Amino acid sequence: MSTSAPITQDVMTIPRKLPEGGKINLVGLTRDQLREVLIANGTKEKQAKMRVGQIWQWIYQWGVRDFHEMTNLAKAYRAELDKKFEIALPEVVTRQVSEDGTRKYLVRIAGGHEVEVVYIPEEDRGTLCISSQVGCTLTCSFCHTGTQKLVRNLTAGEIIGQLMVARDDLGEWPVPGEPKDETRLLSNIVLMGMGEPLYNFDNVRDAMKIAMDPEGISLSRRRITLSTSGVVPEIARTAEEIGCLLAISFHATTDDVRDVLVPINKRWKIDELLQALSDYPKVSNSERITFEYVMLDGVNDSDEDAHRLIDHIKRYNIPAKINLIPFNEWPGAPYKRSSNNRIRAFANIIYQAGYASPIRKTRGEDIMAACGQLKSATERARKSRKQIEAEAGMSQV
Ligand code: SAH
Ligand code: SF4
């Protein structure tokens, strides 16, 4: 198994001029990009900052999609905007609801690609599991997404669009003039869907900035968790430029085993990864790093593994919690889930060492919405990765 190279070229470029016959989608533009695009299309420079603020609030605070509803803008200006721009979200192709209330959406993005988004309601919160890529260039051997051949980075608009689509479905946009509802159905984001978010850094960052913007969706950075398989050079940037919480797909306690389970380990070994985590500047006892650990029968689930895991974390003095994930099987998967007794024994060793060791409740299994089971139907197209990249004009380094 070889470690695939990351996609380094972002697919999004900011259109400055109106594309022939088409409209420019405003969703996913940063405030600066929105300003630029408004000015390039006739908004006076002096007014641009104010217009950005107004349009931003309509899109992200109120969920408005029609420029004609933006009542604090002059009618003629609204008509101008409508001619040139659109507020477009990914199209929801299917929506499945699990017995336990978990919802899985299959959404279609430009080019006909599809990605999955999962909403998980809990007693005191609602978490949206967002995808950052179509498929994944990495090939973790236990992950269904890693077997998908199609790969492309999502744009910032497609990433934040997943959240907006879910808010539409949950009916959670506030109504102008009415008090803001503080008890949110969608209160948390985890970047744990399809793809490696740190191989699509800029678009993920821009989308999360939109999610955190106080004039819009306004989620606290502490309610956003980015999960990475261990793209070491991007970990410090995550703290600096996004500032969200971090989860790390650890999954093995020796380099030999991690090389197989999480092949990016061949590039950045366990010690390098642990060093980057201990340097993560936001780390404190209240903002611990989550170590995700998938429990694979006879592969990484021994008592020795549990002790080694604790040793690693202690050696680097990392405030951590360890999230044990029972392996979610998928058709043809080369591993089995560890027994409940084994998982409990493993959890107990970690707990005795003084670390929280919650066992992740598997949600939405009946609709294949659980962690690592996501793999879009676009796979059926059966195109080779090379073909797709050539079509999308992507380059690999
Ligand atoms: N690419 C990122 C985020 C997406 S995967 C990453 O790897 O962190 C989200 C989490 O689900 C990761 O911890 C991943 O290792 C885990 N996962 C993948 N396949 C799984 C499976 N079949 N069962 C349980 N967890 C799985
Ligand atoms: Fe990609 Fe994460 Fe799956 Fe690995 S576990 S193949 S990094 S999505």
Side-chain angles (χ1 to χ4, degrees), residues 1 98-102 104 118 120-125 127 129 140-147 190 192-193 225 227 229-230 247-263 265 270 273-274 277 288-316 318-375:
M1 189 178 312
S98 154
E99 284 165 358
D100 65 16
T102 301
K104 182 170 83 169
V118 178
I120 307 149
E122 286 170 280
E123 238 164 62
D124 55 343
R125 68 173 114 182
T127 303
C129 181
C140 302
S141 50
F142 56 90
C143 174
H144 206 200
T145 309
T147 67
V190 292
M192 293 186 186
T225 303
S227 174
S229 56
I248 189 88
S249 292
F250 208 66
H251 303 323
T253 61
T254 63
D255 281 322
D256 281 351
V257 176
R258 198 164 190 272
D259 280 352
V260 174
L261 296 182
V262 189
N265 195 71
I270 286 178
L273 176 58
L274 289 166
L277 297 179
R288 289 169 297 174
I289 288 181
T290 302
F291 281 68
E292 298 168 277
Y293 199 93
V294 63
M295 297 297 291
L296 304 171
D297 185 31
V299 175
N300 63 354
D301 61 352
S302 69
D303 286 355
E304 291 71 40
D305 279 306
H307 289 296
R308 263 197 302 267
L309 179 58
I310 296 301
D311 287 347
H312 284 318
I313 293 170
K314 287 214 158 131
R315 193 153 33 91
Y316 284 86
I318 301 169
K321 72 171 172 205
I322 293 126
N323 207 331
L324 301 179
I325 317 174
F327 176 55
N328 294 310
E329 293 181 15
W330 36 273
Y335 302 107
K336 289 214 155 52
R337 179 184 292 187
S338 308
S339 71
N340 289 344
N341 281 344
R342 182 85 297 266
I343 298 177
R344 273 195 292 269
F346 197 98
N348 200 36
I349 293 173
I350 292 165
Y351 179 74
Q352 296 295 334
Y355 292 87
S357 57
I359 299 169
R360 190 179 289 173
K361 213 170 130 206
T362 290
R363 302 286 305 258
E365 249 187 322
D366 53 333
I367 54 170
M368 285 282 284
C371 252
Q373 288 186 329
L374 306 182
K375 176 171 166 170

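Everything numeric in this text was worked out from a predicted model, so none of it was measured.
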Q | Sole residue of Ser229, Ser141, Cys140 in side-chain contact (heavy atoms from CB on, under 4.5 Å) with Pro263 | A |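 So, applying the side-chain contact (heavy atoms from CB on, under 4.5 Å) to Pro263 and each of Ser229, Ser141, Cys140, only Cys140 qualifies.
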
Q) Can we call the ring centroids of Phe142 and His251 under 6.0 Å apart? A)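 Distance test on ring centres: under 6.0 Å, yes.
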
Indicate the atoms forming the closest heavy-atom contact of [X] with [Y], along with that distance.
| X | Y | result |
| --- | --- | --- |
| Ile350 | Leu324 | CD1-CD2, 4.3 Å |
| Gly230 | Ile248 | CA-CD1, 3.9 Å |
| Ile343 | Ser338 | CD1-O, 3.6 Å |
| Ile318 | Leu274 | CD1-O, 3.7 Å |
| Arg337 | Phe327 | NE-O, 2.7 Å |
| Tyr293 | Ala252 | CE1-N, 3.5 Å |

What's the separation between atom [atom1] in [X] and atom [atom2] in [Y], rounded to the nearest 0.5 Å?
| X | Y | atom1 | atom2 | answer |
| --- | --- | --- | --- | --- |
| Leu273 | Asn265 | CG | CG | 7.5 Å |
| Thr102 | Ile120 | OG1 | CD1 | 6.0 Å |
| Leu277 | Arg288 | CG | CZ | 15.0 Å |
| Ile289 | Tyr316 | CD1 | OH | 13.5 Å |
| Met295 | Ile325 | CE | CD1 | 10.5 Å |
| Thr253 | Asp311 | OG1 | CG | 9.5 Å |

[Y] and [X], any side-chain heavy atoms less than 4.5 Å apart:
| X | Y | answer |
| --- | --- | --- |
| Leu261 | Leu296 | yes |
| Ile322 | Ile313 | yes |
| Ser249 | Glu292 | yes |
| Phe291 | His312 | no |

Q | Flag, side chain of Ser227 to backbone of Met192, donor-acceptor distance under 3.5 Å | A |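 The answer is no, because no donor-acceptor pair under 3.5 Å joins these two groups.
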
(Q) So does Ala247 get a backbone contact from the side chain of Thr290, meaning a donor-acceptor N/O pair under 3.5 Å? (A)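 Not at all, since once roles are kept as given, no pair shorter than 3.5 Å links the two residues.
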
Q: Please list all pairs passing the salt bridge (Lys or Arg N to Asp or Glu O under 4.0 Å) test where one or both residues lie in residues 293-302, with sequence neighbours left out.
A: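 Salt bridge (Lys or Arg N to Asp or Glu O under 4.0 Å) check on residues 293-302 returns no pairs.
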
**Q.** Salt-bridge present (Asp255, Arg258; N to O < 4.0 Å)
**A.**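 Not counted as a salt bridge, because no side-chain N and carboxylate O are separated by less than 4.0 Å.
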
Q) Is the shortest distance from a Lys or Arg side-chain nitrogen in Arg342 or Asp303 to a carboxylate oxygen in the other one below 4.0 Å? A)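 The answer is yes: the pair qualifies as a salt bridge.
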
Q: Evaluate the ring planes of His144 and Trp330, with Trp represented by its six-membered ring, and classify them as parallel (under 30°), tilted (30 to 60°) or perpendicular (over 60°).
A: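 Correct class here is parallel.
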
Q) Do the side-chain N and O atoms of Asp256 and Thr254 include a donor-acceptor pair separated by under 3.5 angstrom? A)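 Side chains of Asp256 and Thr254: no pair found under 3.5 Å.
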
Q: May I ask you to check whether Asn341 and Ser339 show a side-chain donor-acceptor distance below 3.5 Å?
A: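 No.
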
Q.
Is it the case that atom OH in Tyr351 sees more than 12 heavy atoms from other parts of the structure closer than 6.0 Å?
A.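 At most 12 heavy atoms, drawn from other residues, nucleotides or ligands, come within 6.0 Å of this atom.
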
